[in-house]
Amino acid sequence: MTQSDIVQKLWNLCDVLRDDGINYSDYVTELVLLLFIKMEFEQAQSGTQFEHKLPEGARWPDLVDKSGLNLLNHYRQMLLDLGQNSDPLIAAIYADAQTRLKEPRHLEQLIKSLDGIDWFSARQDGLGDLYEGLLEKNASETKSGAGQYFTPRPLIDSIIRCIKPQSGETIQDPAAGTAGFLIAADAYIKSQTDDHYDLSAAAKAFQRNRAFIGVELVPGTRRLALMNTLLHGMEGDEEGVVHLGNALGSVGANLPKVDVILSNPPFGTAKGGGGPTRDDLTYKTSNKQLAFLQHIYRGLKPGGRAAVVLPDNVLFEAGVGTEVRRDLMDKCNLHTILRLPTGIFYAQGVKTNVLFFQKGTPDNPRQEQGCTQRVWVYDLRSNMPSFGKRTPFGAQHLKPFEEAYGDDANGNSPRAENVEGVGETSRFRVFTREQIRERGDSLDISWLKDENSIDAADLPAPEVLAGEAMAELTEALRELDQLMQALGAGDEAEQQKQMLAEVMGLVVAQEVGE
């Protein structure tokens, strides 16, 4: 059984819960409370160095041995006890956790279904990756819930391959969501160090407990992130890898400076909770992305590097937006911008970019003025397919960008403009700081003509377009009239036509004709 087969089987278990009035959004939370207990047991049985995190009495066999009301009551009490566990990480995972299941038979059926899965195959692929597959499934199916926090994995992996995080570096995500960036960075470092085998005992402990730090505002999402990181062997400090709080508030202000920041801050302005409340940011704004961007470039150590996903408005917004961009280009070398295609995020239609930059310059990491001399822009948006379920966005779409980016994590590899074209037809072009200044310091730079777009000069005359639109509306109204007649609603159809005639002035025209 493949990992995708297991993910689909887990997802199908939602049908069990429908009779208990549990929808898809609540289902993932309900399932992962059980799933973590099962996965923790499986990892402890796998012969690896993974030790039991859950106490005796709160492990998988303690559920399998019971049935009926006795099982449901035991499970409810188990969740309460785990939320008060002496291990702060387990207590954080199960804080305020409670089941919404009312029927003992539904809980029993879930446990039996989970027990029936081929966990040997799942362990071979990695239980953490299986868990993340379930989160991705939820994001793509529900378009809500975890979806708003989920960055497509091919994009995360591509960014990681460009930024190249190293063992011994501190890596932060101030908008961690389900911890996708941090887990991918950990996986990359493990792939470079033979799963940490090449590291000393002290270096291994650093990677497990101090290398990664995330911040997440939403408690339910942080719960998913803590489970996700723990199943990937990342423990973090006493609060776990991902801390609960607002990176645009006091929690973010107190974070230490780090070597690498990778993030996809939430889209939208600060309405309600979660907005900027810090007084240490130079440029005050209700635009969360502009506030996050300030946090990120201020939070890097000299010479530190970052990759951040941001919507188009950050690249062109006037006023504070212009000041933040200028400050970024002064304090950092903004060496690369990747213009992403639309449709790859679950917030449909949003246009996004990845900004790659380094604090200071290669020659002087502490430089704070004039650090950006040129910006390379890769247009992966123009003349690209419309991505979605039928045309999934994958690693193959990002490979040409990675080749153009080069091996140097800070964008210092030799680069050429002629990528999939020459000169102005190339997807990859460089713009000097002076050229950007002439644009009013806007970074919303595009030059490729989209083959699917229509030039305004080629459009028919306005009266022709209006006539075509009216003809289409007339035909649609005629078909609706026929449908209402067929449905026996002829009288209502006549009333609607009369109202339309009055609106269009047709009655007056008739009177004049008479």
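Side chains included, hydrogens not; waters and symmetry mates left out as well; all remaining heavy atoms used.
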With a 3.5 Å distance limit and no angle check, can you tell me whether [X] reaches the backbone of [Y] through a side-chain donor-acceptor pair?
X: Ser413; Y: Asp408; answer: yes
X: Asn228; Y: Thr178; answer: yes
X: Lys359; Y: Tyr297; answer: yes
X: Lys66; Y: Asp62; answer: yes
X: Gln289; Y: Pro265; answer: no
X: Arg339; Y: Asp312; answer: no
X: Asp259; Y: Thr170; answer: yes
X: Gln192; Y: Gln166; answer: no
X: Arg222; Y: Gly245; answer: no
X: Gln358; Y: Gly303; answer: yes

Over all atoms of both residues, closest heavy-atom pair of [X] and [Y]:
X: Leu398; Y: Leu155; result: CD1-CA, 3.8 Å
X: Pro104; Y: Lys102; result: CD-O, 3.5 Å
X: Leu334; Y: Phe357; result: CA-CB, 3.7 Å
X: Arg161; Y: Ala395; result: NH2-CB, 4.4 Å
X: Lys164; Y: Gly406; result: NZ-O, 4.3 Å
X: His74; Y: Gly57; result: NE2-O, 3.4 Å

For the pair [X] and [Y], find out whether any cationic side-chain nitrogen is under 4.0 Å from an anionic carboxylate oxygen.
X: Asp444; Y: Lys351; value: no
X: Lys190; Y: Asp186; value: yes
X: Arg59; Y: Asp65; value: no
X: Arg305; Y: Glu169; value: yes

Tell me whether the rings of His397 and Phe393 are parallel (<30°), tilted (30 to 60°) or perpendicular (>60°).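 Judged by the thresholds at 30° and 60°, the geometry between His397 and Phe393 is parallel.
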Nearest 0.5 Å, what's the [atom1]-[atom2] distance between [X] and [Y]?
X: Ser158; Y: Ile163; atom1: OG; atom2: CD1; result: 10.5 Å
X: Ile37; Y: Tyr75; atom1: CD1; atom2: OH; result: 5.0 Å
X: Ile183; Y: Ile156; atom1: CD1; atom2: CD1; result: 9.0 Å
X: Leu231; Y: Glu42; atom1: CG; atom2: CD; result: 11.5 Å
X: Thr342; Y: Arg381; atom1: OG1; atom2: CZ; result: 7.5 Å
X: Leu34; Y: Met39; atom1: CG; atom2: CE; result: 12.0 Å

Carefully, step by step, assess Leu300 and Lys257 under the rule side-chain contact (heavy atoms from CB on, under 4.5 Å). CA-CA 5 Å; Leu300 289 171; Lys257 294 186 185 299; over 6 Å; no
Val324 and Thr285: CA distance, side-chain angles, deciding distance, side-chain contact (heavy atoms from CB on, under 4.5 Å) verdict: CA-CA 10 Å; Val324 171; Thr285 175; 5.8 Å; no
Got [X] and [Y] here, is their nearest side-chain heavy-atom distance under 4.5 Å?
X: Ile111; Y: Trp60; answer: yes
X: Asn353; Y: Leu443; answer: no
X: Val314; Y: Pro311; answer: yes
X: Arg298; Y: Asp280; answer: yes
X: Tyr405; Y: Leu338; answer: no
X: Phe181; Y: Val260; answer: no
X: Leu82; Y: Pro55; answer: yes
X: Ile189; Y: Phe212; answer: yes

Step-by-step side-chain contact (heavy atoms from CB on, under 4.5 Å) determination, Val215 to Asn246: CA-CA 7 Å; Val215 179; Asn246 183 5; 6.0 Å; no
Please assess Leu310 against Leu315 for the test side-chain contact (heavy atoms from CB on, under 4.5 Å), listing each intermediate value before the final yes or no. CA-CA 8 Å; Leu310 292 166; Leu315 303 188; 5.7 Å; no
State whether the number of non-hydrogen atoms from other residues, nucleotides or ligands found under 6.0 Å of [X] atom [atom1] is greater than 12.
X: Glu56; atom1: CD; value: no
X: Lys284; atom1: NZ; value: yes
X: Asp407; atom1: CG; value: no

Which donor-acceptor pairs under 3.5 Å do the side chains of residues 194-211 make with protein atoms, sequence neighbours left out?
from   : atom 1 : to     : atom 2 : distance (Å)
Ser200 : OG     : Ala203 : N      : 3.1
Gln207 : OE1    : Gly168 : N      : 2.8
Asn209 : ND2    : Gly236 : O      : 3.2

Below 3.5 Å, can you tabulate the donor-acceptor pairs from side chains in residues 84-96 to any protein atom, sequence neighbours excluded?
from  : atom 1 : to    : atom 2 : distance (Å)
Asn85 : OD1    : Asp87 : N      : 2.8
Asp87 : OD1    : Leu89 : N      : 2.9
Tyr94 : OH     : Leu33 : O      : 2.9

